[in-house]
Each structure stands twice: as structure tokens, then as C-alpha cells.
Number of protein chains: 2
Amino acid sequence: MSGKKKRQVAPDAGLSKQRVVMEAIRIADREGVHGLSMRRLAGALGAGAMSLYYYVANKEELLDAMIDIVFEEIELPPAETDWQSAMRRRAASTRQVLARHPWAISLMESRTSPGPANLRHREAVTACLRGAGFSVLMATHANWLLDSYVYGFALQEASLPFDTADELANMTEDVYLPQLPPDEFPYLNESAAALVAAGYDPAEEFIFGLGLILGALEPLRASA
Amino acid sequence: MSGKKKRQVAPDAGLSKQRVVMEAIRIADREGVHGLSMRRLAGALGAGAMSLYYYVANKEELLDAMIDIVFEEIELPPAETDWQSAMRRRAASTRQVLARHPWAISLMESRTSPGPANLRHREAVTACLRGAGFSVLMATHANWLLDSYVYGFALQEASLPFDTADELANMTEDVYLPQLPPDEFPYLNESAAALVAAGYDPAEEFIFGLGLILGALEPLRASA
DNA sequence: TCGTACAGTGTACGACGTACGGTGTACGAA
DNA sequence: TTCGTACACCGTACGTCGTACACTGTACGA
């Protein structure tokens, strides 16, 4: 199946699976998965819609390929540091990448079989944990726990309607609070007020939960 | 706007927003959001497609309404127990409900404004945490952390291609392992083997991570 | 010169969301 | 009894979607 002979062509002329998937990601980043249609994608590549089907079997396969490219962007846990720093690095990278491609999160639910980049990532993380002294069972637990946190955080962050602290303050005062009668929602009012007063940084919030989880995992490894 | 006079009708004749949304959920549960179209929904209700637009402005609003019904199904943290038990109860309920309606998770990403049931849930959780002695700031942290974990877990669980332990064993042996050359993925092979040997229960996995998080949060409250 | 594989296309079909302009029925007022 | 109005609902039509199918031109090995 592999080892196709390629005719020599100008390096960026013509289509390729790579180019198709990349452009698809660019469109999805700009307008969401909803804005990604085969015709639009083909148009952006200067091709006819049906040409795409030479490179992908169908749209599902295109989406799978897009997801896997996203996973390729995620930094693997570096080998030269302690396990906590390594986990911090890869978790932060995951959050960043998923924030850049929010559509990827909602796609994950429906795509059941992990792509190669996904597998490589899992392998590297598991290796790091096992190397740090976690048992097979405990490494599995840690994997689930950490991934749940990172994906869940990304999911929540993606559904936030604002990107900056200013926008947050505006949104909270103009849209959010009017929906929250203080007698019915005293605690949400309290915390909304505190958020507006103190400012709010998702990155900090992320670090907090991550640190707490890592700290709680630490005593569960059998330090060699 | 409110206070419409309803003509008296046989109680289950004719449509209603309630009936429309409920049937939509039933279809989505059975066949995923992908299988939910206005025409199919109308057909299932014995109505014409355009009739639905009397009750919902458009499909987006329908999806919003569906999500909020899902949130209504989630148990609020009970008031009469300690905060950890309360959080366990509502987290377990959330996981169950999201497992019952997997489509809801992928919808959450794109729906930016929380519905009333969602708000009531947040209020109750925040009240519980504040009552347990967490500061405003710490309650916010705990909220993000717990929700991230629960949603992320549900997201991962939804993308598992199996429902029972037997299916897991079969899937792992027949589909998963053949994709994993042992020299390239030694650790994933190791953990896959361990999983098949020991059996695997998502509910247990969920409890583990949740317990770890709750335990780590415990010392962060100012016990009154 | 020719057969074959590659790379890409045009047309067409059924399904989708929904704008628009209906229709019948029940009710309050006259 | 009549009639205007609001309600609940629907048929048709438009543009867009994914993609099956049959097609074309080009480059290469023989």
C-alpha cells in the first residue's frame, strides 16, 4: 500500500492529503466545524468538491485526520525533568492547542478510534508516569484523572463567551448578572462580583487545579 | 410576554415545547445528534416539519432547550450531608446523566449561555462549597476543578467504543492491540494487558479520581 | 503507439434548515 | 348570529449539504 511513486511536480502545486487536511483545520479554526463543508474546502484549495475524495474517503475520515493533526501539535512530556514538571508541560500544551482549535474538543466525543499521534502521546505520558514509579494500575488512574481534567477544562474554557479579562467584566455586568436575581442566586452573584473585582485568568485557574491533582498523585507513586 | 391564555385541550393532544424537546432528546439518545433533524422530529410527533417552528425559533434554540432538560435531570448536591458526600452524589449523578445523553457533552462546547437548570445547579454547588467553609475564591477554584473533572471524564467515557467489561476485553484484543506494535508502544501494551486481566469499571475509575480531588480540596477550606 | 494508473471533475440525488405565505379553528365582542 | 383576530399548524420552495457515479486528460512504462 505504501511506497507510491510520486511524479515530480512543483512542490506546492496540486493537492495532497496534507494540504487538504491543513486547509480544513484553517477553516475550522476561523469558522468552526459548522463552517467546514467539502465545497468550501475545495473552493479554498482552488479545486472541485469531488477532488477531495481522492484524498479522503469521506468527511468522517477528514475529521479524524484533522483531530490527529491537532494531537500532533501537542507537546510530549519532556523526558529530562521530574514527572510533575513533565505533566505540567504537556498539560499546558494540550490546553493551548485545544484553545487554538476549539472544534477539536467537540469532535473527540464522536470519534471513537484514536489516531497515531494520539497513541504516541498516550504512550509517552504512560512512559513518564511508569518511569516516575507509578504502578501499572496507578498510571492508568493518573492518566484518566489528568486527561479528564485537561479535556474538561478545555471544554469549559471553549464555552466561555469571552477571551479577555475586559470582555469578562463587560459580559458579566451586562449579560450575566441581569439574568441572576440576587435572591434566587445569592452565591453566583457573590462569585461573579468577586471575579469582576479580582480579574480572572483561565491560565491561572488551570494551573491551580493541575497543581492540586499532581500534588495528590505524588504520594501514590512508589518512589524507587 | 408571559401569561398566555391556553385553550383547554385534551392533555396530551397537540404539540407543546415540552413534548417537542422531550421527543428530540429521545431521538438524540437513540441515534445521536446527527440523527436528529427537524423533519424526523416532526415525523416522530406526527406533525409537519414547520410546525416545530411555532415552539422553537430555530434548531439552535431546540438544542439549547435539550441541554437544559439534561441539566434538570442532574441531582443537586443534597444539603443534609457533609460537603464531600454532597459533591460525590452530584458528580455521580452528572456522570450518569451525561452517559445517558452522550450527545449533550459535545453540544456543551458550542452553547455559550447557560440555561436556567444549569444556573440552578451551579448555585446549589457553590452554596454547598461556601457552606463547607471555602472562601469565595476557593469555591470558584473548586467549581472549575470538579466540573472539569466530571465533564472531561464524561467526554472520555463517551468516546469509549464499549459499554461492558466483556466488550472491552474483546475490543482490546481484536482491535486495539493489533494496532500497537509492542516495540513502539511497550507501555500501552502493558496497560492494555493489565486492563484485560483485571477487568475495568469506569464507575470505579471515576470514584478514584473524584476521591483524590476531594481529598486534596479538604485542607483548603477554613473549617468554621 | 498504446494501455494503464493517476489526479481531478460535472452532474445529479436525496436530505438538510428554514423563509414565506398560507389554512382552519376557537374565541371574544358586536 | 356574525365577524375579526389570534392561535396552531402546514405545504412549498430555496439554497446548501455529503457523496455516488461516470467521466476526462495527462504522464509514464512497455
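The sequence lines fix the lettering, A, B, ..., with proteins before strands; numbering per chain opens at 1.
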Note to self: Rounded to whole Å, please give me the gap between CD in A:Glu60 and C1' in D:dG18.
What the structure shows: 11 Å

Notebook entry, point to check: Counting only heavy atoms not in B:Arg89, do more than 12 sit closer than 6.0 Å to its CZ atom?
Noted result: no

Notebook entry, point to check: Expressed in angstrom and rounded to an integer, what is the separation of A:Lys59 atom NZ from D:dC17 atom P?
Noted result: 8 Å

Note to self: Rounded to whole Å, please give me the gap between CG in A:Leu52 and P in D:dT19.
What the structure shows: 11 Å

Next item on the list: Rounded off to whole Å, could you give me the CZ-to-P distance for the B:Arg40 and C:dG14 pair?
Entry: 19 Å

Next item on the list: Whole angstrom is fine here: how far is it from CE in B:Met38 over to C1' in D:dA13?
Entry: 17 Å

Margin query: By nearest atom, which of the nucleotides C:dT18, C:dA7, D:dC21 is closest to the A:Tyr54 side chain?
Written below: C:dA7

Next item on the list: Return the nucleotide paired to C:dA26: Watson-Crick means purine N1 to pyrimidine N3 with N6-O4 or O6-N4, wobble means G-U with N1-O2 and O6-N3, both under 3.5 Å.
Entry: D:dT5

Item checked: Inter- and intrachain pairs under side chain to side chain donor-acceptor pair (under 3.5 Å), touching residues 37-47 of chain A, at least two apart -> A:Glu31-A:Arg40

Next item on the list: For B:Ile67 and B:Ala104, work out which heavy atoms get closest and say how close.
Entry: CD1-O, 3.5 Å

Next item on the list: Establish, with yes or no, whether the OP1 or OP2 oxygen of C:dA15 is under 4.0 angstrom from a side-chain nitrogen or oxygen of B:Ser37.
Entry: no

Next item on the list: Give the rounded distance in Å between these two atoms: NE2 of B:His34 and C1' of C:dC16.
Entry: 10 Å

Next item on the list: Would you indicate what A:Leu36 reaches in the nucleic acid, counting non-hydrogen atoms under 4.0 angstrom: base, sugar-phosphate, or nothing?
Entry: sugar-phosphate

Notebook entry, point to check: Which sits closer to the 5' end of DNA chain D, A:Gly35 or A:Ala57, going by the nucleotide each is nearest to?
Noted result: A:Gly35

Check: Taking the inter-plane angle between the rings of A:His141 and B:Phe208 on a 0 to 90° scale, is it parallel (under 30°), tilted (30 to 60°) or perpendicular (over 60°)?
Finding: parallel

Checklist line | Gap between atoms CZ and P, on B:Arg39 and D:dA13 respectively (whole Å) | finding: 13 Å

Notebook entry, point to check: Does A:Phe206 have A:Arg95 sitting over its ring (NZ/CZ under 6.0 Å from centre, angle to axis within 45°)?
Noted result: yes

Next item on the list: Please report, rounded to the nearest Å, how far the C1' atom of D:dC17 is from the CG atom of A:Leu41.
Entry: 14 Å

Check: Considering heavy-atom distances to DNA chain D, does B:Gly48 or A:Asn58 have its closest nucleotide positioned more toward the 5' end?
Finding: B:Gly48

Checklist line | Closest to the B:Tyr53 side chain, choosing from D:dC21, C:dG17, D:dC17 | finding: C:dG17

